[in-house]
Number of protein chains: 4
Amino acid sequence: MAGPRTVDTPERVRDSARTRAEILDVATAEFAANGYDGSRVDEIAALTRTTKRMIYYHFGGKKQLYIAVLERAYARIRAAERQVELDDLDPVAAVRRIAEVTFDHHGAHPEFIRLVSIENIHHAEHVKELVEMVDLGGPIVALLEDILRRGRQEGLFRSDADAIDVHMMISAFCVFRVANRHTFGTIFGRDLVDPARTDHYRAMCGDMIVRYLAA
Amino acid sequence: MAGPRTVDTPERVRDSARTRAEILDVATAEFAANGYDGSRVDEIAALTRTTKRMIYYHFGGKKQLYIAVLERAYARIRAAERQVELDDLDPVAAVRRIAEVTFDHHGAHPEFIRLVSIENIHHAEHVKELVEMVDLGGPIVALLEDILRRGRQEGLFRSDADAIDVHMMISAFCVFRVANRHTFGTIFGRDLVDPARTDHYRAMCGDMIVRYLAA
Amino acid sequence: MAGPRTVDTPERVRDSARTRAEILDVATAEFAANGYDGSRVDEIAALTRTTKRMIYYHFGGKKQLYIAVLERAYARIRAAERQVELDDLDPVAAVRRIAEVTFDHHGAHPEFIRLVSIENIHHAEHVKELVEMVDLGGPIVALLEDILRRGRQEGLFRSDADAIDVHMMISAFCVFRVANRHTFGTIFGRDLVDPARTDHYRAMCGDMIVRYLAA
Amino acid sequence: MAGPRTVDTPERVRDSARTRAEILDVATAEFAANGYDGSRVDEIAALTRTTKRMIYYHFGGKKQLYIAVLERAYARIRAAERQVELDDLDPVAAVRRIAEVTFDHHGAHPEFIRLVSIENIHHAEHVKELVEMVDLGGPIVALLEDILRRGRQEGLFRSDADAIDVHMMISAFCVFRVANRHTFGTIFGRDLVDPARTDHYRAMCGDMIVRYLAA
DNA sequence: AATGAATGAGGCTTCATTCAT
DNA sequence: CATGAATGAAGCCTCATTCAT
């Protein structure tokens with residue numbers, strides 16, 4: 001008699017995870033490229049090795065797929081923030097380091113920036129669902145609060161410095177560079193993500209926040 | 001005593017212009033609210049006193065209507081920029097004034113900011129068409145270049161200050177506050193456009209650019 | 001007091017006729033080019049120096065305009081047939097002459113041929129209306145009957161020769177050459193209306209009918 | 001005893017093919033009846049057991065459906081031509097047989113003739129696409145060339161006889177009878193496809209080509 | 001876990017025609 | 001005779017989703 005196929009289940013599971021991941025990859029690219037309404041379930045399926053039915057099987061529908069895409073994208077930037085090492089840096093250098101990490105992450109992940117823009121077009125309705133499950137903002141705010149406290153204690157930072165404000169200013173610069181590169185480039189003839197100018201803008205971002213915070 | 005209707009624009013013409021304007025108003029709101037793909041020509045027409053057919057008569061189609069909306073929105077911010085008066089201001093005050101005008105315009109016109117975000121989702125393809133007809137960026141750049149030159153001559157500004165960069169930094173702050181208010185507010189629990197915080201952020205924007213530029 | 005404008009009416013009338021003629025010219029070209037359903041009232045009007053309103057004023061609507069076009073086209077071929085002179089020709093030469101006149105007329109008026117094709121697509125519904133007003137076929141049939149009678153009497157033509165059949169055979173050849181030139185040319189790589197081959201086909205048409213009729 | 005369903009084509013596939021065929025049947029009738037522009041996708045769908053959506057699923061659009069209709073119609077006449085058997089016929093009889101086969105095919109397939117007329121209204125743009133994929137004219141021309149060669153060798157046919165010309169003359173007669181029956185019948189009061197006259201016209205067609213070719 | 005076929009609602013666009021001036 | 005604006009019906013097409021196997 002044939003023995004039971006004990007190895008079977010794990011492989012199926014692994015295939016399942018792989019299928020999910022592949023769908024998420026393609027969907028991320030599509031949603032980032034075309035927006036939510038501009039993306040097509042058919043097209044996403046066609047770019048996958050699986051079929052459209054699988055999207056419904058694994059995710060339930062277009063909207064849930066989009067949320068899953070968003071969740072994974074936010075998870076990745078949280079991971080990046082978690083890996084910043086700045087224990088031995090003085091407050092000023094630490095803030096600059098955070099600005100640079102944000103700058104580089106956003107530069108490296110334009111599709112994430114686009115997803116955030118798309119989310120805002122949709123009044124963040126999907127992120128609202130995410131936030132009920134995960135704390136997206138806590139870590140970076142906690143990090144900044146610690147640095148700012150030290151900086152204020154040492155008399156290096158202005159007394160009204162606020163962690164969320166600082167994060168906002170850094171994000172504004174880093175997000176705008178990527179999110180608005182097309183209109184800005186078209187109108188002003190300057191490509192904000194031109195590699196030749198990356199160092200310039202990274203320094204500019206650091207200068208901006210450091211000078212703003214100076215006591 | 002004033003006579004009746006001194007301007008002799010024929011009724012027809014006025015009605016036509018009014019119809020166009022009404023469609024543009026509604027379309028601006030719809031496109032800003034739902035994005036390009038998320039907006040419905042039927043819905044735009046329903047919110048108008050005219051019919052769907054008129055949209056095609058006056059504009060030609062959904063895309064051309066969207067471009068017309070975009071054009072009018074950009075025309076308005078150019079008009080706002082043109083009205084800034086800063087002849088008698090010293091360079092530092094002038095830059096701060098420009099930052100504040102931008103800040104206030106964007107705060108007052110969130111639908112414009114949303115249209116710009118939508119444009120970037122579409123890789124600025126429509127703005128590219130606009131730019132072939134109108135110079136959207138020239139005026140503000142010229143204005144800033146003049147101020148920066150004066151500031152550098154007086155030793156007030158850092159020597160590497162660049163007009164387009166300055167405009168970018170100001171825009172980043174002012175655009176982000178409005179464009180990303182939903183995700184930011186959801187994640188960090190802070191409403192960036194809360195009227196109670198408007199003065200704070202306007203000052204923050206001015207500080208940011210003034211300090212960045214300081215020699 | 002100003003005198004009455006006595007010369008006015010005649011001019012208006014002449015302009016009216018000219019307007020009608022211009023519309024008919026354009027409409028003939030359009031209907032022949034695109035078929036009835038494929039033609040656009042807007043387009044016809046745009047190609048005219050008048051406006052769309054005039055089409056409705058002068059003709060009543062698209063369908064009536066089409067009928068007017070058809071009527072004028074048929075009137076012209078009747079005129080051509082009327083001008084054939086063959087009193088002094090023997091029956092054989094006369095038949096050949098008629099074939100050649102038909103051949104040349106159809107070759108010179110492809111738009112007429114196309115209108116006839118279009119009419120057949122529409123089951124000749126409009127020609128049926130025309131026929132109630134004008135006798136479109138009588139003249140040519142009478143002409144042929146006369147020739148055939150003489151030919152039979154002289155023992156030159158086969159005894160079962162029939163005028164309508166003869167006209168049909170000639171028409172088939174002359175109409176097909178023009179009406180089906182596009183599919184035929186595409187499939188067989190031969191342009192049936194190539195000027196270099198016109199003489200060849202004209203002779204072929206004459207041979208065909210003369211030999212068919214031979215006793 | 002016959003076994004049940006010996007061919008194991010899956011149900012799905014058969015259903016798909018049946019759906020396609022049903023749509024093609026209906027579409028052929030509609031396009032032949034109303035022309036391309038006069039036909040309605042909605043109407044075609046309504047006359048089917050499937051829905052309008054399926055037309056787009058299986059064919060892609062109205063135009064592609066029309067091309068598919070055309071392709072099938074041409075495939076059928078090629079098949080008819082292929083089945084002519086005339087190995088043992090002398091050249092004269094062979095040419096007459098070909099004329100008769102064409103005559104009978106066209107008489108039996110008026111919808112094909114109408115499609116060809118419609119194609120010519122559209123300047124054969126769709127047939128041009130077809131011709132890139134299939135050789136529509138080659139077979140019949142090859143057949144005729146062979147017969148003409150034999151006839152010339154035997155001194156039966158005139159020396160300038162050309163295969164494409166012969167095909168054209170036959171086609172002209174057979175196509176005209178069907179394609180122009182409505183205008184011709186209306187104008188001359190004679191129904192060219194009246195069954196009572198079929199034999200007469202078939203013989204007339206044969207006579208025409210045989211006499212034209214005679215040495 | 002996978003697949004081709006099917007579906008219904010709704011999207012954008014176009015047309016012939018008429019109205020007000 | 002002339003004109004720009006307006007209309008309503010209807011056309012073609014696309015989408016997210018589900019069914020049968």
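What's counted below: heavy atoms across the whole structure, side chains too, no hydrogens, waters or symmetry copies. Convention: sequence-line order gives letters A, B, ...; per-chain numbering from 1.
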Would you say the side chain of B:Lys62 and the base of E:dT13 hold a donor-acceptor pair, judged only by whether the two atoms sit under 3.5 Å apart?
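Result: no qualifying N/O pair found.
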Please confirm whether any donor atom in the side chain of A:Lys52 sits under 3.5 Å from an acceptor in the base of F:dT17, or the reverse.
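In this structure, the two groups form a donor-acceptor pair.
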Which nucleotide in the set [options] lies at the smallest distance from any side-chain heavy atom of [X]?
X	options	result
C:Arg40	F:dA2, E:dA16, E:dC12	E:dA16
A:Arg53	E:dT3, E:dT13, E:dA20	E:dT3
D:Tyr56	F:dC13, F:dC1, F:dA16	F:dC13
C:His58	E:dA2, F:dC12, F:dC1	F:dC1

How would you list, by chain and number, every residue that makes a side-chain hydrogen bond (donor to acceptor under 3.5 Å, both in side chains) with A:Asp37, sequence neighbours excluded?
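Scan of A:Asp37 (side-chain hydrogen bond (donor to acceptor under 3.5 Å, both in side chains), adjacent residues dropped) gives none.
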What is the separation between atom [atom1] on [X] and atom [atom2] on [N], rounded to the nearest whole Å?
X	N	atom1	atom2	value
D:Asn34	F:dG11	CG	P	11 Å
D:Glu30	F:dC12	CD	C1'	15 Å
B:Phe59	F:dA6	CZ	C1'	15 Å
D:Tyr36	F:dG11	OH	C1'	12 Å
C:Met54	F:dA2	CE	P	6 Å
A:Arg20	E:dA1	CZ	C1'	14 Å
C:Asp37	F:dA10	CG	P	15 Å
C:Arg18	F:dA2	CZ	C1'	16 Å

Can you see if the side chain of B:Thr19 gets near the phosphate of F:dA6 - specifically, an N or O under 4.0 Å from OP1 or OP2?
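So the side-chain polar atoms of B:Thr19 do come within 4.0 Å of the phosphate oxygens OP1 or OP2 of F:dA6, strictly under.
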Under a 4.0 Å threshold between the charged nitrogen and the carboxylate oxygen, would C:Asp25 count as salt-bridged to C:Arg72?
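The answer is yes: the pair qualifies as a salt bridge.
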side-chain contact (heavy atoms from CB on, under 4.5 Å), paired with A:Thr183, selected from B:Val127, B:Leu70, B:Leu115, B:Val131:
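The passing option is B:Val127.
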Testing A:Glu119, A:Lys63, A:Glu30 one by one against A:Tyr36 for a side-chain contact (heavy atoms from CB on, under 4.5 Å), which residue passes?
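Considering A:Glu119, A:Lys63, A:Glu30, a side-chain contact (heavy atoms from CB on, under 4.5 Å) with A:Tyr36 is found only for A:Lys63.
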How close do [X] and [Y] get, counting heavy atoms only, and between which atoms?
X	Y	value
A:Ala45	A:Thr51	CB-C, 4.0 Å
B:Asn34	B:Ser39	CB-OG, 3.7 Å
B:Lys52	B:Val41	CG-CG1, 3.8 Å

Report the residue (A:Thr51 or C:Gly61) whose heavy-atom-nearest nucleotide on DNA chain E is the more 5′ of the two.
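Checking each residue's closest nucleotide, the 5'-ward one belongs to A:Thr51.
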DNA chain E: B:Gly60 or D:Tyr57, which has the more 5' nearest nucleotide?
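Looking at DNA chain E, the more 5' nearest nucleotide goes with D:Tyr57.
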If I pick the C1' atom on F:dT21 and the same atom on E:dA1, what distance separates them, to the nearest angstrom?
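Looking at atom C1' only, E:dA1 and F:dT21 are 13 Å apart.
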What class does the angle between the rings of D:Tyr66 and D:Phe31 fall in, given that below 30° is parallel, 30 to 60° is tilted and above 60° is perpendicular?
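If you compare the ring of D:Tyr66 with that of D:Phe31, the planes turn out perpendicular.
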Quick check on DNA chain F: between C:Thr50 and A:Asp42, whose nearest nucleotide comes earlier from the 5' end?
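On the 5' side of the pair lies C:Thr50.
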Taking a pair as Watson-Crick (N1 to N3 plus N6-O4 or O6-N4) or G-U wobble (N1-O2 and O6-N3), both under 3.5 Å, which stems of 3 or more consecutive pairs involve DNA chain E?
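Stems found: E:2-21 with F:2-21.
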